[in-house]
Amino acid sequence: MAYRILEKEEIAPSVHRMVIDAPDVAKAAKAGQFIILRIDERGERVPLTIADFEKETGTVTVIFQEMGKTTKQLAKLSAGDALEDFVGPLGTPADVRKLGTVILVGGGVGVAPVYPQAKAYKEAGNKVLTIIGSRNKDLLILEDEMRKASSELYIATDDGSKGHHGFVTDIMKQILDSDEKVARVVIIGPPIMMKVGAGVASPYDVEILVSLNSIMVDGTGMCGGCRVTVDGKTKFTCVDGPEFDARQVNFVELMNRLAMYRGEEAKAVEKYEEECRCGLN
Amino acid sequence: MSEKTGDKKKSRTPMPEQPPAVRAGNFDEVALGYSKEDAIAEASRCLNCKDPNCVEGCPVNVDIPGFIKLICEEDFEGAIEKIKATNALPAICGRVCPQESQCEALCVLGKKGEPVAIGRLERFCADSEREKGVSAPDPDIPEPTGRKVAVVGSGPAGLTAAADLAKLGHKVTIFESLHKTGGVLSYGIPEFRLPKEIVKQEVEYIKQLGVEIKPNYIIGRIKTLDELCEEFDAVFLGTGAGLPRFMGIEGENLNGVYSANEFLTRVNLMKAYDPNYDTVVRYGKHVVVVGGGNVAMDSARSALRLGAEEVSVVYRRGEEEMPARREEIEHAKEEGVILRLLANPTRILGDDKFNVTGIECIKMELGEPDATGRRSPVPVEGSEFIIDAEAVIIAIGTSPNPIIFKGSEGLDQSRRGTVVAEEETGTTSKCGVYAGGDVVTGAATVISAMGAGKKAAKAIDEYLKEK
Ligand SMILES: Cc1cc2nc3c(=O)[nH]c(=O)nc-3n(C[C@H](O)[C@H](O)[C@H](O)COP(=O)(O)OP(=O)(O)OC[C@H]3O[C@@H](n4cnc5c(N)ncnc54)[C@H](O)[C@@H]3O)c2cc1C
Ligand SMILES: Cc1cc2nc3c(=O)[nH]c(=O)nc-3n(C[C@H](O)[C@H](O)[C@H](O)COP(=O)(O)OP(=O)(O)OC[C@H]3O[C@@H](n4cnc5c(N)ncnc54)[C@H](O)[C@@H]3O)c2cc1C
Ligand code: SF4
Ligand code: SF4
Ligand code: FES
């Protein structure tokens, strides 16, 4: 069985949006969940967050950044091609309820997973304050979509080329310091950004959630490769998460575990690029 | 077990094998299989008992004297047909059944000498059929009954239930969460014990019976059990016991510490040993495996084949108490796996980069027999020692994966996390839902899972007739 790619577009340098024909997944998907795909028989199983889904048309959108061999290979595919495997929805859906005011913070490609959450929180009747950021304005993704999905949108870039000159967490702190009564903060992005963000928000009387991106194999609780320590206990990100209470997450362990195969990954990219140059691919 | 060729009646025909030094460097099958002559010689040992004990030892009641007699007559096609009448997966059972504690344990010849090598003969029949490339004549599939049955999980329990239900004319759909079918047969048991080509062919046979297989389909995520119950006339749960247990000791989340499930999945299902695949797996020079069952042996022998220099198995009791099959322990030792018995891990050590460097264990001694009569191990105070390791594989057991319980109103679960089901029929507390295999018993064997699948298929058929 193959899963057809219906649309494919580079939305920022090395960041791609892909729409896939996967009606079963689309029908069951909820905000906060992810899929695992495999390009071909020899490929790795790679997890990506569901960035959008349409139950009627049966399509699922993912947004990914070229990181290593698999995502680089994925970036070369185009509409009309097919993926060997596409399984989901995985993970526990985000606990979206009417809470009042919610801040959603997305960094880098982490903006993509924030999008379905913004829609869901808004639909549940919340005031949704979204803060998105990236290194520079060219790398910023989903600005228009986010504006539509949020009550208010704030932008930050590291180099100041758009919006606030600085980090997304600076804006988050300003809002938390204001009179706005915030019930919950959701932070999604690179682990270091989630760690820093959790630290900034911790002193405030507010719930803080992060969505973790541990290395995964099956995504169903069968391998334990995705384990993280939360509140001193071992949890499996793929079934117990991916969302956890940020105050309890051991981010240092998470970051160390993400680096597990760094050597092998670098070699895989080298080999892949060599093959591409020789026209083997 | 001695395998002298001398006294024909007392000892069995030896199994040709790859020499240990060679096989420890490849993933090809260890046991090469009987030749025609070997098979006939071994088959002629059988007494063709009137009231055969061996059949009682087989959870699916293969007509053992019947098929062995046909081997003697050189009617191998007839022999495989006879086996397939009750066992849909003979090439697999012939290889991985714990025969020494099942069919062969009860063979009368075992009283005075060695029992008939029933498993090896079963394997021979299945292999010779496959090598010829002709599949057994398709069983006559009866008129469709118009009833639809969902089977969740494609391990031996699910495959067997599906085959039997299809043969009864029901429309069967298998839902499998992984990208490949076969359950533990595909992701757990390694290539060198059970070539994946064989699993693939057995699955093909089941497809020929008209069973539809949907991979990448997780019940509890894409659809709930309640939804399946609405769509189908009955449901069989064969979801296995795939949730790995950890020890809860310090250092268990260090990089290089794997559950056996993850390690074996990377190696078997995702073919990490093949450079043409993208899968990575870490092993380093020294690998330590914790546990004493088949899963531990498979992990240790896989690590050796990947290229680890020293592989040891840490087990808290003695060799006699190891739950792994005797043959697997012997094979592992021949290949160079070191058994470190009466030892229990206390913590895992790592460096500043979060990588495993070693494992600290404590020596154990066997104490007084407990209520079950088994002498339980107790730690010897102050006897801690360290084994160097760049990878640690934890193989101390698994329990059922709880995802299936999400959205399954009224399905009773035991305290151990298993689905509660009647042993003889697989009937659960939820109407129209049956279960069998590891999800009911906890980690057990291929053949017991198949036996449960068979019984449930029969019960489902009766339920559908009455419905
Ligand atoms: C629940 C979840 C949701 C995710 N959502 C997104 C998303 O929406 N968009 C996106 O761009 N990325 C997402 N990621 C990260 C993405 O899975 C990795 O970038 C991808 O696996 C990298 O594969 P690669 O072969 O290209 O790179 P590699 O060279 O293999 O790895 C690059 C880095 O990615 C991580 N990684 C590698 N293999 C895996 C794996 N099997 N599982 C998880 N992480 C891995 C490691 O930290 C590694 O250092 C998500 C991860 C998780 C766990
Ligand atoms: C490494 C290893 C070695 C072994 N060696 C031997 C041996 O030598 N001899 C022997 O007899 N036994 C052996 N066993 C045990 C034997 O493999 C199992 O007892 C047997 O496979 C159980 O069969 P099952 O059908 O109940 O479950 P499984 O084989 O576990 O299959 C269950 C299937 O269900 C799928 N599934 C789970 N949840 C869902 C869901 N929610 N939706 C859809 N699909 C789902 C899983 O992905 C899996 O494919 C070994 C086990 C292991 C792990
Ligand atoms: S299925 Fe297993 S137990 Fe039964 S006869 Fe064959 S090898 Fe023996
Ligand atoms: S008990 Fe042994 S000798 Fe008797 S029929 Fe069975 S296999 Fe043959
Ligand atoms: S990815 Fe295997 S248990 Fe989570």
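Every chain is numbered from 1 and lettered A, B, ... according to where its sequence line falls, protein lines coming before strand lines.
- Neither the backbone nor the side chain of Glu265(A) comes within contact range of chain B; no heavy atom of the residue lies under 4.5 Å from a heavy atom of that chain.
- Minimum interatomic distance between Ile222(B) and Gly88(A) (heavy atoms only, all atoms of both residues): CG1-O, 3.0 Å.
- Not a single donor-acceptor pair under 3.5 Å links the side chain of Asp85(A) to the backbone N or O of His179(B).
- No side-chain donor-acceptor contact under 3.5 Å links Arg221(B) to the backbone of Val25(A).
- At least one side-chain heavy atom of Asp278(B) sits under 4.5 Å from a side-chain heavy atom of Gln73(A).
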* Residue pair Thr265(B), Asp218(A): steps toward the side chain to side chain contact (heavy atoms under 4.5 Å, CB included) verdict -> CA-CA 9 Å; Thr265(B) 298; Asp218(A) 58 298; over 6 Å; no
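- Among Leu178(B), Leu243(B), Thr398(B), the one residue that satisfies the side chain to side chain contact (heavy atoms under 4.5 Å, CB included) test with Met222(A) is Leu178(B).
- How far CE of Met270(B) is from CZ of Arg45(A): 6.5 Å, rounded to the nearest 0.5 Å.
- Using a 4.5 Å cut-off between heavy atoms, Arg38(A) touches chain B through its side chain atoms alone.
- Only the backbone of Phe86(A) has a heavy atom closer than 4.5 Å to any heavy atom of chain B.
- Glu41(A) and Tyr277(B) share a side-chain donor-acceptor pair at under 3.5 Å.
- With a 4.5 Å cut-off on non-hydrogen atoms, Lys30(A) does not touch chain B at all.
- The number of heavy-atom neighbours closer than 6.0 Å to CD of Glu212(B), taken from other residues, nucleotides and ligands shown, is above 12.
- With Asn255(B) contributing its side chain and Asn256(A) its backbone, the two residues share a donor-acceptor pair below 3.5 Å.
- The main-chain N or O of Asp274(B) is never found under 3.5 Å from a side-chain atom of Arg42(A) such that the two would form a donor-acceptor pair.
- For Ile36(A), no part lies under 4.5 angstrom from a heavy atom of chain B.
- In this structure, Tyr3(A) and Asn216(B) have side chains that are in contact, with non-hydrogen atoms separated by less than 4.5 Å.
- With chain A as the partner, the residue from Arg266(B), Glu252(B), Lys223(B) showing the most heavy-atom pairs under 4.5 Å is Arg266(B).
- Between the side chains of Asn253(B) and Thr229(A), at least one donor N or O lies within less than 3.5 Å of an accepting N or O.
- At a 4.5 Å heavy-atom cutoff, the contact between Val217(A) and chain B is made by side-chain atoms alone.
- Residue contact with chain B, scored on non-hydrogen atoms closer than 4.5 Å, involves the side chain of Ile215(A) exclusively.
- The two residues Ile403(B) and Val239(A) have their closest heavy-atom pair at CD1-CG1, 3.7 Å.
- Contact tally against chain B (heavy-atom pairs below 4.5 Å) for Gln33(A), Glu44(A), Arg257(A): the top residue is Arg257(A).
- For the atom pair SG (Cys223(A)) and CZ (Phe263(B)), the distance works out to 13.5 Å, reported to the nearest 0.5 Å.
- Heavy atoms of Cys238(A) lying under 4.5 Å from chain B belong exclusively to its backbone.
- Counting only heavy atoms from C-beta outward, the side chains of Phe246(B) and Arg227(A) approach each other to under 4.5 Å.
- When Gly91(A), Pro93(A), Ala28(A) are compared by the number of non-hydrogen pairs under 4.5 Å with chain B, Gly91(A) comes out ahead.
- A donor-acceptor pair under 3.5 Å is absent between the side-chain atoms of Ser259(B) and the main chain of Gly224(A), judged by distance alone.
- For the set Asn276(B), Ile394(B), Ile218(B), the count of heavy-atom pairs under 4.5 angstrom toward chain A peaks at Asn276(B).
- With a 4.5 angstrom heavy-atom cutoff, Pro400(B) does not touch chain A via any of its atoms.
- The number of heavy atoms from other shown groups lying within 6.0 Å of NZ (Lys200(B)) does not exceed 12.
- At most 12 heavy atoms of other shown residues, nucleotides or ligands fall within 6.0 angstrom of atom CZ in Arg4(A).
- Taking 4.5 Å as the limit, some side-chain heavy atom of Pro244(B) sits within range of a side-chain heavy atom of Phe236(A).
- Heavy atoms from other residues, nucleotides or ligands lying under 6.0 Å from NZ of Lys27(A) number 12 at most.
- Under a cut-off of 6.0 angstrom, the local environment of NZ in Lys119(A) is crowded, with over 12 non-hydrogen atoms contributed by other residues, nucleotides or ligands.
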